[in-house]
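Down below is the structure, laid out as structure tokens.
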2 protein chains.
Amino acid sequence: MTTLHIVDDDEAIRDALGWLFQSRSVPVAGWASAREFLDAWTAETAGCLLLDIRMEGMSGLELFDRLRAQGCRLPVIFLTGHGDVPSAVSALKKGARDFVEKPFNDNDLVDRVIEALAFDAEQRAREAGQAGVAARIASLTQRERQVMELVVAGRLNKVIADELGISMRTVEVHRSHVFEKMRVKTAVELTRLLTSAG
Amino acid sequence: MTTLHIVDDDEAIRDALGWLFQSRSVPVAGWASAREFLDAWTAETAGCLLLDIRMEGMSGLELFDRLRAQGCRLPVIFLTGHGDVPSAVSALKKGARDFVEKPFNDNDLVDRVIEALAFDAEQRAREAGQAGVAARIASLTQRERQVMELVVAGRLNKVIADELGISMRTVEVHRSHVFEKMRVKTAVELTRLLTSAG
DNA sequence: GGGGCTATTGTGGATATCCGCAGCCCGTCT
DNA sequence: AGACGGGCTGCGGATATCCACAATAGCCCC
């Protein structure tokens, strides 16, 4: 679910933030340590992260680094009591979404969280489309993938046959299988599908 | 030229930074006020910007906003004596490249500037390619543009003829003109050209 | 009025693409 | 052994695309 995940080792703060966001209809989950969230997180975890920087054990910054290293793309908002400019700058340059100092303004923080949630939702919608394409690509045989690459590179069947050392007819067969599996009807559609998804 | 543009109303600082960067073989230009740079800047200005935040008259932040509003994409590094976290965060979120507090470490600053210069060079190379494509598109007639869009959308000539209410032969002629002017040989190449440039 | 650009259409032929029908080889799983 | 999937190939026909040659028409500019 699309949830605000609050990671802070201070229970009082988690509760206060929990109340704040629940009163604004933002679903909240609380985590008492970086480790806890790091272990619980999966690729399906949606929403955004509100991360205290200073915590017992693993710091918020370290959690952030580890999450990114594991491929987590969740938008992260740092929360800090005594933020220094260099760490804020470096966090943002590393891809954090925001950096907020305590004491914060309730409305301001809520706005930033809602922005981040919307961003995550959009990002997920984009990636969902790409994942569908990736699945179709995965269903291709190796030969079909080879042919597809050459088709998308703009080669004619004749040339493809030559490059792969097979007959034109075989290329046509693979090509048609590719179109079918990728659910397109022309090479142009295929190209759009692949270049938009990366 | 790819130059570091230093905007600071303190001549002593401009000089000091000038020496620092010239000693590292980084071409430097100094500007005594935001207004001066704002007036002198053109789309051809390459390199990066080192911007003091607190200045007489227009502040660095305001200059930044105005430049972006005018379409300037130069990477900007802010330099500030007493940076507060919120302004650093907001500058970065608005697209500034970096935010450095004085006193700064010489080597560190030089590194950041060199990074920014490299970024600008890459960005310019990308845009140069896109500009070439844009110029070719501009050389098309309206009809040719219409046909091109439908071709890139994956439509067959027959369908295009139908949608435009003209004969297939005419579509073929336009299509061939498009290929010629866009310097491609197949619809797939055209599609790649247009989807990569946006 | 003539020249140039754009848009339009036709004829006809060379290529390319799209497909169904058929058959062969090979490795895997049952 | 037999079934199945993947890869390879040939034949032939329906479509589509690519092009040279040829022509008509409106518009703008010199």
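Within every chain, numbering begins at 1; the chains are lettered A, B, ... in the order of the sequence lines, protein sequences first and strands thereafter. None of these values were measured; they are calculated from a predicted model.
Within residues 149-163 of chain B, the residues having any heavy atom closer than 4.0 Å to DNA chain D are, in order of number, Leu156(B), Asn157(B), Lys158(B).
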Taking N or O atoms only and anything under 3.5 Å, show me the protein contacts with nucleotides 6-10 of chain C, one pair per line.
unit_1  : atom_1 : unit_2    : atom_2 : d
dA7(C)  : OP1    : Thr141(B) : OG1    : 3.2
dA7(C)  : OP1    : Arg143(B) : N      : 3.3
dA7(C)  : OP2    : Thr141(B) : OG1    : 2.4
dT8(C)  : OP1    : Arg143(B) : NE     : 2.9
dT8(C)  : OP1    : Arg143(B) : NH2    : 2.6
dT8(C)  : OP2    : Arg143(B) : NE     : 3.0
dT8(C)  : OP2    : His174(B) : NE2    : 2.8
dT9(C)  : OP2    : Ser167(B) : N      : 2.6
dT9(C)  : OP2    : Ser167(B) : OG     : 3.3
dT9(C)  : OP2    : Thr170(B) : OG1    : 2.7
dT9(C)  : O5'    : Ser167(B) : OG     : 3.4
dG10(C) : O6     : Arg169(B) : NE     : 3.4

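For residues 3-14 of chain B, every residue pair satisfying the side chain to side chain donor-acceptor pair (under 3.5 Å) rule, not counting sequence neighbours, is listed here: His5(B)-Trp31(B).
Placement of Leu140(B) and Leu193(B) within a single hydrophobic cluster is found when ILVMFWY residues are connected by side-chain heavy-atom separations under 4.5 Å, directly or transitively.
A salt bridge links Lys102(A) with Asp52(A): at least one charged nitrogen is closer than 4.0 Å to a carboxylate oxygen. Salt bridge annotation for Asp162(B)-Lys158(B): absent, with no cationic side-chain nitrogen under 4.0 angstrom from a carboxylate oxygen. Asp108(A) has a carboxylate O that lies under 4.0 Å from a charged side-chain N of Arg112(A), or vice versa, which qualifies the two as a salt bridge. Salt-bridge check for Asp106(B) with Arg24(B): failed, with every basic side-chain N at 4.0 Å or more from each acidic carboxylate O.
In this structure, Val26(B) shares a hydrophobic cluster with Leu4(B), Ile6(B), Ile13(B), Leu17(B), Leu20(B), Phe21(B), Val28(B), Leu50(B), Ile77(B), Leu79(B), Val100(B), Phe104(B), Leu109(B), Val110(B), Val113(B), Ile114(B), Leu117(B), the cluster being traced through Ile, Leu, Val, Met, Phe, Trp and Tyr side chains under 4.5 angstrom apart.
Chain A approaches DNA chain D within less than 4.0 angstrom (heavy atoms of the protein), and the contacting nucleotides run 5' to 3' from dG6(D) to dC11(D).
When atom types are taken as modelled, the side chain of Asn157(B) and the backbone of Met168(B) share no donor-acceptor pair closer than 3.5 angstrom.
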Is there a side chain to side chain contact (heavy atoms under 4.5 Å, CB included) between Thr170(A) and Leu164(A) once you walk through the steps? CA-CA 10 Å; Thr170(A) 306; Leu164(A) 296 182; over 6 Å; no
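A rotation axis mapping the C1' atoms of four pairs onto the next four is fitted at both ends of the helix from dG1(C)-dC30(D) to dT30(C)-dA1(D) over five pairs, and the angle between these axes is 30° to 10 degrees.
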